[in-house]
Amino acid sequence: MSAEDRHISPYTTREKVWRLLWAIVQMTLFRFSFHTWNTFRVFLLNSYGADIDATCIIRRTVKIECPWQLTMGKNSCLGDGAIVYCLGKVTIGDRVSISQHAHICAGTHDYTQDDMPLLRPPISIMDDVWIAADAFVGPNVVVGEGAILGARGVAIHDLDAWTIYGGNPAKSLKARPRE
């Protein structure tokens with residue numbers, strides 16, 4: 001691979017402009033909005049192409065990259081300091097709680113190639129899921145309905161429905177009872 005090929009950006013010019021504009025909005029209007037202004041933060045995100053239900057709670061300290069890749073269902077929440085790195089499509093279902101400082105990462109690199117090109121695989125988090133504090137959900141992971149990923153758990157593979165996981169890498173601990 002030539003030196004020129006290594007400097008080709010995986011982003012279009014439009015994406016670069018949108019990312020810059022969103023970064024400015026996120027660091028100002030979004031970050032310094034009042035604690036209770038969830039509707040305003042949802043409006044800002046939806047203005048940048050996200051598809052977030054009006055009932056969602058988005059804390060002002062959340063960091064979201066490429067919001068146009070984010071979809072959130074009804075009554076879901078992104079806690080303080082959560083990172084949602086939407087290089088690929090991130091779909092969050094209904095009644096999902098993503099706790100403080102959790103990291104949802106829909107981006108990686110192909111380490112098998114010398115130039116390690118950017119990959120943008122999706123993440124799907126189904127309904128009634130809880131991603132606990134400081135947990136990590138990696139690229140191309142599906143978190144099944146009702147699953148729980150415990151504090152500081154690391155999901156690098158799909159998580160089964162109605163199962164509680166913990167550890168690094170996340171292992172099944174026990175079934176989650178259904179209400």
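The residues of the chain are indexed from 1 along the displayed sequence. Hydrogens, waters and symmetry mates are skipped; everything else that's a heavy atom, side chains included, is used.
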Apply side-chain contact (heavy atoms from CB on, under 4.5 Å) to R14 and V17, showing your working.
CA-CA 5 Å; R14 183 174 191 267; V17 170; 5.9 Å; no
For M116, does its backbone N or O pair with a side-chain atom of D110 as donor and acceptor, under 3.5 Å?
no
Would you say the side chain of L70 lies within less than 4.5 Å of the side chain of I64, judging by non-hydrogen atoms?
yes
Close side-chain approach of L44 to L29, heavy-atom, < 4.5 Å
yes
Checking the side chain of N46 only, and the main-chain atoms of I52 only, is there a donor and an acceptor separated by less than 3.5 Å?
yes
Is it the case that the side chain of T55 and the backbone of N75 share a donor-acceptor pair, with hydrogens and angles ignored and the cut-off at 3.5 Å?
yes
Could you give the distance from CZ (F30) to OG1 (T28), rounded to the nearest 0.5 Å?
11.0 Å
Between Q69 and L87 (side chain of the first, backbone of the second, donor and acceptor by atom type, cut-off under 3.5 Å), is there such a pair?
yes
Minimum side-chain heavy-atom gap I98-I125 below 4.5 Å
yes
If you draw a 6.0 Å radius around NZ in K89, do more than 12 non-hydrogen atoms from other residues or ligands fall strictly inside?
yes
So, R176 side chain and A161 main chain: donor-acceptor pair closer than 3.5 Å or not?
no
Please lay out, stage by stage, how I58 and L45 fare under the test side-chain contact (heavy atoms from CB on, under 4.5 Å).
CA-CA 10 Å; I58 312 282; L45 287 161; 4.1 Å; yes
G107 and P139: which non-hydrogen atoms are nearest, and at how many Å?
O-CG, 3.5 Å
Looking only at heavy atoms, which two atoms of D127 and D94 are closest? And how far apart?
OD1-N, 2.7 Å
Within 45° of the ring axis of Y11 and under 6.0 Å from its six-membered ring centre, is that where the NZ or CZ of R19 lies?
yes
Could you tell me which residues satisfy ring-ring contact (aromatic ring centres under 6.0 Å, His included) with W162, sequence neighbours excluded, listed by chain and number?
none
Lys/Arg-Asp/Glu bridge criterion (N-O < 4.0 Å) met for D134, R152
yes
L118-W68 co-clustered via ILVMFWY side chain contacts under 4.5 Å
no
Contacts of Q100 meeting side chain to side chain donor-acceptor pair (under 3.5 Å) (sequence neighbours excluded), chain-then-number -> none
Would you mind reporting whether F43 and T39 have side-chain heavy atoms less than 4.5 Å apart?
no
T61 side chain vs G81 backbone, donor-acceptor pair below 3.5 Å:
yes
Is a donor on one side and an acceptor on the other found under 3.5 Å between the side chain of E65 and the backbone of V84?
no
Hey, is D128 close enough to R95 for a salt bridge, meaning N to O under 4.0 Å?
yes
Any chance you could lay out the side-chain contact (heavy atoms from CB on, under 4.5 Å) test for N140 and I123, step after step, and finish with the verdict?
CA-CA 5 Å; N140 213 27; I123 293 175; over 6 Å; no
CD1/I92 to CG/D53 distance, rounded to the nearest 0.5 angstrom?
12.5 Å
What's the shortest heavy-atom distance between N38 and C56, and which atoms?
CB-O, 4.0 Å
If I take atom OG from residue S172 and atom CG from residue D160, how far apart are they, to the nearest 0.5 angstrom?
7.0 Å
Is there a donor-acceptor contact under 3.5 Å from the side chain of Y165 to the main chain of K174?
no
Chi angles and distances behind the side-chain contact (heavy atoms from CB on, under 4.5 Å) call for V129, I148:
CA-CA 6 Å; V129 166; I148 295 174; over 6 Å; no
Would the number of heavy atoms belonging to other residues, nucleotides or ligands and lying under 6.0 Å from NZ of K74 be above 12?
no
In terms of side-chain heavy atoms, does S33 have a donor or acceptor partner in R60 at a distance below 3.5 Å?
no
Are Y48 and W22 close enough that their ring centers fall under 6.0 Å?
yes
Would you indicate whether the side-chain heavy atoms of H35 and R59 approach each other to under 4.5 Å?
yes
S76 side chain to M72 main-chain N or O, any donor-acceptor pair under 3.5 Å?
no
Does anything in residues 100-141 pair up under ring pair (Phe, Tyr, Trp, His ring centres under 6.0 Å), and if so which pairs, sequence neighbours excluded?
H103-F136
If you measure from the Lys or Arg side-chain nitrogens to the Asp or Glu carboxylate oxygens, is any gap between E15 and R120 under 4.0 Å?
yes
Quick one: are V142 and M126 in side-chain contact, heavy atoms under 4.5 Å?
yes
Of all the heavy-atom pairs spanning V62 and G79, show the shortest one and how long it is.
CG2-O, 3.4 Å
Closest heavy-atom pair and its distance - I131, I104:
CG2-CD1, 4.5 Å
